[in-house]
J.: 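First the structure, which I've put down as structure tokens, then a few questions once you've had a look.
When a ligand or atom number is given, it counts from 1 through the structure's own listing order. Everything numeric in this text was worked out from a predicted model, so none of it was measured. Note: hydrogens, waters and symmetry copies are ignored here, and every other heavy atom, side chains too, is used.
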Amino acid sequence: MTDHALLLVNLGSPASTSVADVRRYLNQFLMDPYVIDLPWPVRRLLVSLILIKRPEQSAHAYASIWWDEGSPLVVLSKRLQQAMTKEWTQGPVELAMRYGEPSIETVLTRLASQGISKITLAPLYPQFADSTVTTVIEEAKRVVKAKSLNVKFSVLQAFYDQPEYIDALVESVRPHLEQPHDHLLLSFHGLPERHLTKLDPTGNHCFKDADCCKNASPQVLATCYRAQCLRSAAVFAKQMGIADGKWSVSFQSRLGRAKWIEPYTEARLEELAAQGVKKLLVMCPAFVADCIETLEEIGDRGAEQFKAAGGEELTLIPCLNDDPNWAAALNKLCERAPVML
Ligand SMILES: C=CC1=C(C)c2cc3[nH]c(cc4nc(cc5[nH]c(cc1n2)c(C)c5CCC(=O)O)C(CCC(=O)O)=C4C)c(C)c3C=C
Ligand SMILES: [Fe+2]
Ligand SMILES: [Fe+2]
């Protein structure tokens, strides 16, 4: 059977590090109602305000991590696509980006024109969020409807605690943990608290107490990004055999003034340095490919901040990227992706 395609989808990057390209990318990204979930006129106003200064700052940050071949996120996602061609035997393996190029629309249209009618859609995010997973699924559905494509999807579900993902993470991190260190910080991408409360199926669980995410019922866990991040971290730490107190969790990449999920990575870096941690390892398990948020925010700015606060060294552990164990794990996860009804 060679008519069942695998479509990997990651977030996407600007076309180049020029301020104009970064502005175009940020506009597409932040005007997505699943990312800034405010009514259109408010979102438009807010994004226009963000676009006054942010493109220049972000362009500078992108320039500091950009590779000769392009954006690290896109290059590493292409390498994963390549690795997946050795694993996925049911048809072609394609790659699309939710923002920027290659777009979901371009890739789906090409696959449909080649007579492919079954596609496993794989949003490359271990933990569920509307701003990552839902937006990919909705964009794929929009394209199918708008272009009347004859395509049926299976969809990879959030795999935050799945043994294949955890095993691959454990094996990739093991050599780094064998190096001298005082603490391991698991820094996940953050989200505004509002994104969690609006999905709370009980309407009365999220943020009612400090341990809400640790005590999440299966019903809450199914959609709570923070609870899924904490579960990934706990399952990983247990399997890795790291003692309590030697690891902790934080949330990075806050944008704007709204309250985001805590603890914030910036605050945690200060705290750890103040507690006497000298050698800090940081891993970023919400990202499967290194990108501006890992390389620049943690590897560069986070490292500087940690040292300025009294730490000696922050070592960023690479994401899974195109690790062969990860490609094999992802293939297994994709093979059991349920058909979307
Ligand atoms: C891993 C999951 C991600 C979630 C959840 C997420 C939510 C989210 N992000 C922003 C704002 C920005 N994110 C940016 C970059 C970025 N974000 C993710 C992943 C998640 N985002 C990735 C993989 C990347 C890297 C892209 C790359 O090209 O390398 C950026 C752009 C960079 C910058 O200017 O800092 C912004 C802005 C919001 C508002 C949000 C949820 C509400
Ligand atoms: Fe983001
Ligand atoms: Fe919670």
J.: How far is atom 37 (C) of ligand 1 from its nearest protein heavy atom, and which residue and atom is that?
T.: Leu26 CD2, 3.8 Å
J.: Evaluate the side-chain proximity of Tyr160 to Ile166: yes if any heavy-atom separation is below 4.5 Å, no if none is.
T.: no
J.: Less than 4.5 Å apart, side chain to side chain, heavy atoms only: is that true for Gln90 and Glu335?
T.: yes
J.: Examine the side chains of Arg268 and Gln252 and answer whether a donor and an acceptor come within less than 3.5 Å of each other.
T.: no
J.: Answer side chain, backbone, both or neither: which part of Leu255 comes under 4.0 Å from ligand 1, heavy atoms only.
T.: side chain
J.: Side chain or backbone, does Tyr62 bring an N or O within less than 3.5 Å of an N or O on ligand 1?
T.: yes
J.: To the nearest 0.5 Å, what is the distance between OG1 (Thr197) and NZ (Lys208)?
T.: 9.0 Å
J.: In terms of side-chain heavy atoms, does His4 have a donor or acceptor partner in Thr120 at a distance below 3.5 Å?
T.: yes
J.: What's the spacing between Glu293 CD and Cys319 SG if we round to 0.5 Å?
T.: 11.0 Å
J.: Can you see whether Tyr99 engages Asp32 through a side-chain donor-acceptor pair at a distance of less than 3.5 angstrom?
T.: yes
J.: Go through it in stages, so that I can follow the logic: the residues are Arg226 and Leu191, the test is side-chain contact (heavy atoms from CB on, under 4.5 Å), and I'd like the CA-CA distance, side-chain angles, deciding distance and then a yes or no.
T.: CA-CA 8 Å; Arg226 189 170 181 276; Leu191 274 183; over 6 Å; no
J.: Only heavy atoms of Thr132, strictly under 4.0 Å: list the atoms of ligand 1 that pass.
T.: 2 (C), 3 (C), 4 (C), 5 (C)
J.: Less than 4.0 Å is my threshold; does some heavy atom of Gln57 fall inside it relative to ligand 1?
T.: no
J.: Is the shortest distance from a heavy atom of Ser253 to ligand 1 less than 4.0 Å?
T.: no
J.: Give the residue and atom name of whichever protein heavy atom lies nearest to atom 14 (C) of ligand 1, and the separation in Å to one decimal.
T.: Phe29 CE2, 3.4 Å
J.: With a 4.5 Å heavy-atom cut-off, do Leu269 and Leu280 have their side chains touching?
T.: yes
J.: Is the closest heavy-atom distance from Ala61 to ligand 1 below 4.0 Å?
T.: no
J.: Could you check atom 42 (C) of ligand 1 against the protein and tell me its nearest heavy-atom contact, residue, atom and distance included?
T.: Val35 O, 3.2 Å
J.: Please could you name the atoms of ligand 1 that His195 approaches to less than 4.0 Å, counting only its heavy atoms?
T.: 42 (C)
J.: Against ligand 1, does Tyr25 come closer than 4.0 Å with any heavy atom?
T.: yes
J.: Closest non-hydrogen protein atom to atom 1 (C) of ligand 1, residue and atom name please, with distance?
T.: Ala286 O, 3.3 Å
J.: Pull out every atom of ligand 1 sitting under 4.0 Å from any heavy atom of Gly12, numbered as shown with elements.
T.: 26 (C), 27 (C), 28 (O)
J.: Between Tyr225 and Trp260, is the ring centroid distance below 6.0 Å?
T.: no
J.: Report yes if Arg54 has an N/O atom closer than 3.5 Å to an N/O atom of ligand 1; otherwise report no.
T.: yes
J.: For atom 41 (C) of ligand 1, find the nearest protein heavy atom and state the residue, atom name and distance (0.1 Å precision).
T.: Leu191 CD2, 3.6 Å
J.: Do Ser172 and Asp323 meet the criterion of a side-chain donor-acceptor pair at a distance under 3.5 Å?
T.: no
J.: Has Cys212 got an N/O/S atom less than 2.8 Å from the Fe ion (ligand 3)?
T.: yes
J.: Is there a path of hydrophobic side-chain contacts, each under 4.5 Å between heavy atoms of I, L, V, M, F, W or Y residues, that connects Trp247 with Ile317?
T.: yes
J.: Taking 2.8 Å as the cut-off, does an N/O/S atom of Cys213 lie below it from the Fe ion (ligand 3)?
T.: yes
J.: Any N or O on Ile292 sitting closer than 3.5 Å to an N or O of ligand 1?
T.: yes
J.: N/O to N/O below 3.5 Å, does that happen between Ser13 and ligand 1?
T.: yes
J.: If you measure every N/O of His189 against every N/O of ligand 1, is any gap under 3.5 Å?
T.: yes
J.: How far apart are the closest heavy atoms of Arg23 and Leu51, and which atoms are they?
T.: NE-O, 3.7 Å
J.: So is Ser58 polar-close to ligand 1, meaning N/O to N/O under 3.5 Å?
T.: yes
J.: Taking only heavy atoms of Cys291 into account, list the atoms of ligand 1 that are under 4.0 Å away from them.
T.: 23 (C), 25 (C), 29 (O)
